[in-house]
Amino acid sequence: MNHLQLAMTFIKYSPQAYYNWKRKSTDGWSVYAIVLDLTGGICNLFQLLILCWNNNDLSPLVGDAGKLGLSIETLFFDIIFIFQHYVLYSKKRTASYKYLEE
């Protein structure tokens with residue numbers, strides 16, 4: 001079941017990352033949903049780490065590889081989206097290129 005969640009998350013996020021890259025823009029979607037998703041991924045990862053710390057055992061971390069993989073995959077794509085939105089294709093950067101073209 002966890003492998004299905006990992007595959008569905010990849011299918012959910014990869015087209016948007018590709019579409020943003022192809023258009024060189026993140027216009028049309030809200031970055032706030034990504035920030036909330038990033039917060040959830042971080043909290044999920046912290047939950048696993050706290051369970052390991054409380055139990056003095058790595059079994060919660062390695063025993064639930066799907067949850068760990070989902071957290072890492074979510075963090076990976078969310079960081080890509082935030083980087084695309086605020087660094088690569090920010091409105092300030094796009095505006096400066098349009099000014100140079102005129």
Side-chain angles (χ1 to χ4, degrees):
M1 184 67 164
N2 289 333
H3 300 297
L4 181 62
Q5 285 179 326
L6 289 171
M8 293 304 293
T9 302
F10 182 79
I11 291 169
K12 178 174 83 169
Y13 287 133
S14 56
Q16 185 65 51
Y18 174 74
Y19 190 61
N20 290 347
W21 171 76
K22 188 173 182 178
R23 290 186 317 141
K24 305 292 187 239
S25 172
T26 58
D27 290 340
W29 63 276
S30 175
V31 73
Y32 301 114
I34 299 300
V35 171
L36 289 173
D37 196 39
L38 178 68
T39 305
I42 290 171
C43 289
N44 195 8
L45 190 59
F46 278 146
Q47 180 188 18
L48 286 173
L49 294 175
I50 289 171
L51 282 172
C52 290
W53 183 61
N54 282 340
N55 296 333
N56 288 332
D57 187 19
L58 290 178
S59 63
L61 192 63
V62 294
D64 196 359
K67 188 172 185 177
L68 177 63
L70 191 61
S71 294
I72 292 171
E73 186 176 24
T74 301
L75 292 173
F76 175 74
F77 276 109
D78 289 343
I79 289 169
I80 287 174
F81 289 140
I82 289 172
F83 186 74
Q84 284 179 335
H85 187 74
Y86 287 113
V87 178
L88 288 179
Y89 313 128
S90 68
K91 295 191 186 289
K92 292 178 193 174
R93 190 171 179 153
T94 306
S96 67
Y97 286 137
K98 286 182 181 177
Y99 178 74
L100 291 175
E101 290 174 358
E102 292 176 356

message: Run the side-chain contact (heavy atoms from CB on, under 4.5 Å) test against Ile72 and tell me which residues pass, sequence neighbours left out.
response: Leu68
- prompt: Name the one of Val31, Ile34, Ile80, Val35 that satisfies side chain to side chain contact (heavy atoms under 4.5 Å, CB included) with His85?
  reply: Val31
query: Linking I/L/V/M/F/W/Y whenever any side-chain heavy atoms sit under 4.5 Å apart, do Val87 and Tyr18 land together?
result: yes
message: Trp21: which residues meet the side chain to side chain donor-acceptor pair (under 3.5 Å) condition with it, sequence neighbours left out?
response: none
- request: Give, for atom OH of Tyr89 and atom CZ of Arg23, the distance between the pair rounded to the nearest 0.5 Å.
  value: 10.0 Å
statement: Sorted by chain and number, sequence neighbours left out, side chain to side chain donor-acceptor pair (under 3.5 Å) with Ser25 holds for Asp27
- prompt: Okay, side chain of Glu73, backbone of Phe10: is any donor-acceptor separation there less than 3.5 Å?
  reply: yes
query: Would Asp37 and Phe81 satisfy side-chain contact (heavy atoms from CB on, under 4.5 Å), going step by step from the backbone distance to the final call?
result: CA-CA 11 Å; Asp37 196 39; Phe81 289 140; over 6 Å; no
- request: Please identify each residue that fulfils side-chain contact (heavy atoms from CB on, under 4.5 Å) with Ile42, with sequence neighbours left out.
  value: Leu38, Phe46, Leu75
- prompt: Roughly how far apart are Gln84 CD and Ile82 CD1, rounded to 0.5 Å?
  reply: 11.0 Å
- request: Nearest 0.5 Å please: distance from the NZ atom of Lys67 over to the CG atom of Leu6.
  value: 13.5 Å
- prompt: What is the distance from atom CG of Asn55 to atom CD1 of Ile50, rounded to the nearest 0.5 Å?
  reply: 11.5 Å
task: Could you tell me which residues satisfy side chain to side chain donor-acceptor pair (under 3.5 Å) with Ser71, sequence neighbours excluded, listed by chain and number?
output: Asn44
- request: State which residues pass side chain to side chain donor-acceptor pair (under 3.5 Å) with Ser30; sequence neighbours excluded, sorted by chain then number.
  value: none
field: Spacing of Leu36 atom CG and Asp78 atom CG [to the nearest 0.5 Å]
entry: 10.0 Å
- line: Between Tyr13 and Thr74, the two heavy atoms sitting closest are OH-CG2, 4.4 Å
- prompt: Is Phe76 reachable from Tyr86 through a run of hydrophobic residues whose side-chain heavy atoms are each under 4.5 Å from the next?
  reply: yes
